[in-house]
Amino acid sequence: MANISVSLPDGTQRELKQGATAADLALDIGAGLAKAALIAEVNGEEADLNKVLPDGAAVSIVTGDSDKGLETLRHSTAHVLAQAVLELYPGATFAIGPPIEHGFYYDFAMPEDETLTEENLEGIEEKMREIITADQAFIRGEVSANEALEIFSDHPFKCEIIKVADSSEVQTPDAISFYRNGDGFIDLCRGPHVPSTGKLQHFKLMNVAGAYWRGNEKNPMLQRIYGTAWASKKQLKDHLFRLEEAARRDHRKLANELDLLSFPDELGGGLAVWHPKGSQVRKLMEDFSRQRHEDGGYEFVYSPHIANAELFRTSGHLDFYAEGMYPPMEMDNGEYYLKPMNCPMHCLIYRTGTKSYRDLPIRLFELGTVYRYERAGTLHGLMRIRGFTQDDAHIFTTEEGLAEEIAGLLEFVISVLEAFGFNEFTFNLSTRDPQKSVGDVQMWDLATSALEEALDKHGLLFDRKEGDAAFYGPKIDIDVSDAIGRSWQLSTIQLDFNLPERFSLRYINSSGERKRPVMIHRALMGSIERLFGILLEHYAGAFPTWLAPIQVAVLPVANEHEKYAKDVIGKLEAEGIRCEFLRADNPLGKRIRDVKTQKVPYVLVAGGDDTANGTVGVNPRGSEVERDVPLSEFIGRLRTEVEERL
RNA sequence: GCCGGGUUAGCUCAGUUGGCAGAGCACUUCUCUUGUAAAGAAGAUGUCGUCGGUUCGAUUCCGACACCCGGCUCCA
């Protein structure tokens with residue numbers, strides 16, 4: 001029999017018998033690989049393992065170690081989910097079920113009078129395990145569109161997919177591919193799939209959710225089951241552990257446990273009250289922001305929380321964002337709205353008096369509280385709320401001054417974010433969408449290249465998001481990575497050619513001509529409330545000493561040491577250190593436990609030796625206890641730590 | 001806004017197949033006076049989210065609303 005030769009990713013060649021499949025190749029390379037193999041890549045195209053290899057092909061065997069392998073594994077698991085649901089719930093029909101980050105989902109429409117709830121997941125999972133234990137082979141097939149419509153005649157969503165010519169589920173317009181496994185479960189699918197259900201051992205169904213068909217809220221709502229799937233038991237376990245870790249850090253839980261803030265029902269959805277400790281932290285964040293802006297050449301302004309509708313007509317907010325604004329209040333001379341943004345107010349401030357090019361750039365800063373009517377279902381702790389405060393500034397500059405201003409801004413943003421313990425940033429540059437934009441193209445080009453140059457100048461890598469800009473100008477968004485690797489969009493630098501026009505803003509240039517300034521909207525923290533939530537999760541509630549609401553707890557060993565302990569507190573407070581005193585009405589261990597659960601950075605214990613020697617026992621958060629530390633030494637260390645924001 | 005789940009003491013949660021509800025922690029008082037993550041005893045604590053309906057009787061069943069959770073959609 002003739003042989004064929006294929007090349008492997010490492011460049012080596014392998015002889016195989018004519019008609020050999022990718023699975024044969026894997027086995028030829030090694031039993032371990034054969035077992036781990038999920039799919040193959042043949043001449044750059046993903047294929048099932050049972051694909052017969054053409055002579056001369058470049059082949060690589062894909063396992064669960066790669067993203068592609070995992071994706072396939074998850075996709076196959078989604079098929080098994082659909083198979084289980086359709087078997088368990090006659091009359092249910094299925095829509096789509098793709099792999100996603102960490103897992104997969106599948107959307108279903110349940111028969112009338114039936115709904116899936118999380119209680120059903122256990123039974124579905126059990127059925128899936130049966131299917132997996134049966135080790136059913138996934139078998140690919142192709143039919144014409146008409147035949148496919150016949151096969152899926154009971155499943156309207158599938159028929160809709162078949163009818164859409166450019167659907168990614170369909171391989172070519174005249175052949176529809178599908179996969180079959182078990183006793184007749186069949187699903188439309190481009191593939192490839194793992195060879196058999198036995199490969200799908202490490203999965204877990206997570207939750208049930210609603211999802212619109214094709215993601216459009218005008219379409220019917222389906223029921224979506226989310227699951228996670230991995231190549232090994234360990235990976236699955238690690239993933240579930242990471243989810244638990246995120247839950248442990250949940251800012252809503254920590255805010256409650258650490259007595260930082262609350263969301264009383266009577267206040268209404270998406271509105272918080274800040275308790276003294278949360279307010280202390282927030283105040284420190286705000287003070288820091290103010291200090292940095294003062295140093296950075298910003299002028300401070302204030303503006304009211306409500307404004308006449310006329311203002312928001314001028315700014316265009318009522319035309320474009322009325323749905324996101326609180327409904328109007330009827331008042332004597334018209335309608336008033338809660339402000340959803342500070343920019344119109346800042347434009348009014350700029351507009352007073354005549355501005356010369358010599359005055360620019362003008363940088364107006366405000367910790368401005370805005371109110372947005374977020375839809376009820378979108379609220380989420382501090383991350384998405386209806387009243388929040390932006391570290392908002394509007395910079396008015398000349399076209400010529402734009403590039404320099406942006407460059408300075410980038411530096412400024414990064415230095416502020418770094419103070420909050422972030423050191424990994426992602427930059428996104430959003431450019432013009434020709435379909436919806438105002439201002440002339442020349443202006444856009446100038447502004448976009450100013451943004452781009454500024455990024456280049458600082459050697460910052462960035463992703464270009466073509467057409468992602470707001471209608472009024474291009475922007476740079478900055479994301480940070482937190483302590484557990486999650487990404488948060490915090491800062492934004494947006495250019496605006498629209499508002500200066502709408503408010504008729506001007507300056508006089510050096511030739512005595514009236515010119516339009518360019519406006520830059522920029523927020524570094526974004527929303528103070530949201531950043532507070534992010535920091536709470538980032539630090540897992542253990543705020544660094546400079547931000548901690550209580551920095552030091554002082555505990556006398558016994559009542560007789562109370563006077564000395566209070567002297568210690570007096571000295572600390574004289575240094576501006578935030579202290580708490582716990583009298584000796586409980587065992588020392590108990591009191592230490594109490595303050596440790598509150599994540600106080602330093603516990604000082606004051607006993608007999610200390611009283612005699614002017615020392616303290618220092619029990620720091622996260623490191624070893626140190627006895628007999630002279631108080632002055634401790635104060636010195638703490639001062640350094642606070643000043644350097646360690 | 002839409003789909004699903006939920007709301008019981010300050011917190012975390014159990015419970016009542018319809019007969020005025022319970023634990024742990026926290027709190028208060030007393031005793032103990034402690035050297036680095038939970039001393040002991042006693043005590044107080046609830047419109048069982050709100051409003052309506054069914055019922056002799058509703059925290060429990062039904063409905064509306066509010067708020068929360070998981071998603072979808074949205075996010076200037």
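Proteins get letters first, then strands, A, B, ... in listed order; numbering begins at 1 in each. Side-chain atoms are counted along with the backbone in the values below, which use heavy atoms only and exclude waters and symmetry mates.
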*Starting from C1' on B/G1, measure out to CZ on A/R386 and report it in whole angstrom.*
11 Å

Members of [range] that approach RNA chain B, where some heavy atom sits under 4.0 Å away:
{"range": "residues 312-321 of chain A", "result": "A/H317, A/Y321"}
{"range": "residues 240-251 of chain A", "result": "none"}
{"range": "residues 367-377 of chain A", "result": "A/R372, A/R375, A/A376, A/G377"}

Rounded distance in Å between the [atom1] positions of [N] and [M]:
{"N": "B/A9", "M": "B/G49", "atom1": "P", "result": "8 Å"}
{"N": "B/U45", "M": "B/G10", "atom1": "C1'", "result": "10 Å"}
{"N": "B/C13", "M": "B/G46", "atom1": "C1'", "result": "15 Å"}
{"N": "B/C48", "M": "B/C61", "atom1": "P", "result": "15 Å"}
{"N": "B/A58", "M": "B/C2", "atom1": "C1'", "result": "31 Å"}
{"N": "B/G71", "M": "B/U8", "atom1": "C1'", "result": "27 Å"}

*Would you indicate whether A/E244, at its atom CD, is surrounded by more than 12 heavy atoms from other residues, nucleotides or ligands within a distance under 6.0 Å?*
yes

*Which range-with-range stems can be found for RNA chain B when each stem has 3 or more Watson-Crick or G-U pairs in a row and both distances sit under 3.5 Å?*
B:1-7 with B:66-72, B:10-13 with B:22-25, B:27-31 with B:39-43, B:49-53 with B:61-65

*Ring centroid separation for A/Y105 and A/Y226, is it under 6.0 angstrom?*
yes

*Give the ring-plane orientation class for A/H75 versus A/H79, where under 30° counts as parallel, over 60° as perpendicular and anything between as tilted.*
perpendicular

_Option passing ring-ring contact (aromatic ring centres under 6.0 Å, His included) with A/F157 (candidates A/F108, A/F94, A/W213)_ = A/W213

Using a strict cut-off of less than 4.0 Å between a Lys/Arg side-chain nitrogen and an Asp/Glu carboxylate oxygen, indicate whether [X] and [Y] qualify as a salt bridge.
{"X": "A/R375", "Y": "A/E217", "answer": "yes"}
{"X": "A/R583", "Y": "A/E562", "answer": "no"}
{"X": "A/E366", "Y": "A/K339", "answer": "yes"}
{"X": "A/R386", "Y": "A/E374", "answer": "no"}
{"X": "A/K563", "Y": "A/D567", "answer": "yes"}
{"X": "A/E641", "Y": "A/R637", "answer": "no"}
{"X": "A/E245", "Y": "A/R242", "answer": "no"}

Just call it for [X]: base, sugar-phosphate, or nothing, with non-hydrogen atoms closer than 4.0 Å on any strand.
{"X": "A/F263", "value": "nothing"}
{"X": "A/N216", "value": "nothing"}
{"X": "A/G270", "value": "sugar-phosphate"}
{"X": "A/P340", "value": "base"}
{"X": "A/N619", "value": "base"}
{"X": "A/E257", "value": "nothing"}
{"X": "A/Y105", "value": "nothing"}
{"X": "A/G617", "value": "base"}

*Could you go through the side chain to side chain contact (heavy atoms under 4.5 Å, CB included) check for A/V603 and A/L555 one step at a time?*
CA-CA 7 Å; A/V603 180; A/L555 283 56; 4.0 Å; yes

*Please identify each residue that fulfils side-chain contact (heavy atoms from CB on, under 4.5 Å) with A/R578, with sequence neighbours left out.*
A/Q280, A/L284, A/Q551

Does a side-chain N or O from [X] land closer than 4.0 Å to OP1 or OP2 of [N], or not?
{"X": "A/N256", "N": "B/U12", "value": "yes"}
{"X": "A/R627", "N": "B/U36", "value": "no"}
{"X": "A/H561", "N": "B/G35", "value": "no"}

Please write out the pairs of protein N or O atoms and N or O atoms of nucleotides 23-26 of chain B separated by less than 3.5 Å, giving the distance to one decimal.
unit_1: B/A26; atom_1: OP1; unit_2: A/K590; atom_2: NZ; d: 2.4

*asked:* Suppose we call a contact any N or O donor and acceptor under 3.5 Å apart; does that hold for the side chain of A/Y212 and the base of B/G71?
replied: no

*asked:* Any N or O donor-acceptor pair under 3.5 Å from the base of B/C74 to the side chain of A/R384?
replied: yes

Atom [atom1] of [X] and atom [atom2] of [Y]: how far apart are they, to the nearest 0.5 Å?
{"X": "A/L261", "Y": "A/L382", "atom1": "CG", "atom2": "CG", "result": "5.0 Å"}
{"X": "A/I161", "Y": "A/R214", "atom1": "CD1", "atom2": "CZ", "result": "6.0 Å"}
{"X": "A/N586", "Y": "A/R591", "atom1": "CG", "atom2": "CZ", "result": "7.0 Å"}
{"X": "A/N120", "Y": "A/T115", "atom1": "CG", "atom2": "OG1", "result": "7.5 Å"}

In a table with atom names and distances, give each donor-acceptor pair under 3.5 Å that connects a side chain of residues 610-620 of chain A to protein atoms at least two apart or in another chain.
unit_1: A/D610; atom_1: OD1; unit_2: A/T615; atom_2: OG1; d: 2.6
unit_1: A/D610; atom_1: OD1; unit_2: A/V616; atom_2: N; d: 3.3
unit_1: A/D610; atom_1: OD2; unit_2: A/G607; atom_2: N; d: 3.0
unit_1: A/T611; atom_1: OG1; unit_2: A/G607; atom_2: O; d: 2.7
unit_1: A/N613; atom_1: ND2; unit_2: A/D609; atom_2: O; d: 3.0
unit_1: A/N619; atom_1: OD1; unit_2: A/K596; atom_2: NZ; d: 2.7

Which nucleotide in [options] has an atom nearest any side-chain atom of [X]:
{"X": "A/A558", "options": "B/U33, B/C68, B/G35", "result": "B/U33"}
{"X": "A/R224", "options": "B/G70, B/U36, B/C72", "result": "B/C72"}
{"X": "A/R593", "options": "B/G35, B/U33, B/A38", "result": "B/A38"}

Filtered N/O pairs between nucleotides 3-9 of chain B and protein, under 3.5 Å:
unit_1: B/C3; atom_1: O2; unit_2: A/G210; atom_2: N; d: 3.1

_By the ring pair (Phe, Tyr, Trp, His ring centres under 6.0 Å) test, which pairs, at least two apart or in different chains, include something from residues 364-391 of chain A?_
A/H293-A/F365, A/F300-A/F365, A/H305-A/Y371, A/Y326-A/Y373

_Geometric cation-pi criterion, A/R74 with A/W230: 6.0 Å, 45°_ = yes

*asked:* Heavy-atom nearest nucleotide on RNA chain B for A/I592 versus A/A470: which residue maps closer to 5'?
replied: A/I592

Show the distances under 3.5 angstrom between N or O atoms of the protein and N or O atoms of nucleotides 41-43 of chain B.
none

*Could you give me the CA-CA distance, side-chain angles and deciding distance for A/L505 and A/F396, then say whether side chain to side chain contact (heavy atoms under 4.5 Å, CB included) is met?*
CA-CA 9 Å; A/L505 304 184; A/F396 303 88; 3.5 Å; yes

*Using ring pair (Phe, Tyr, Trp, His ring centres under 6.0 Å) as the criterion, list what pairs up with A/F263, not counting sequence neighbours.*
none

*Pairs meeting criterion salt bridge (Lys or Arg N to Asp or Glu O under 4.0 Å) with involvement of residues 256-279 of chain A, two or more places apart*: A/K253-A/E257

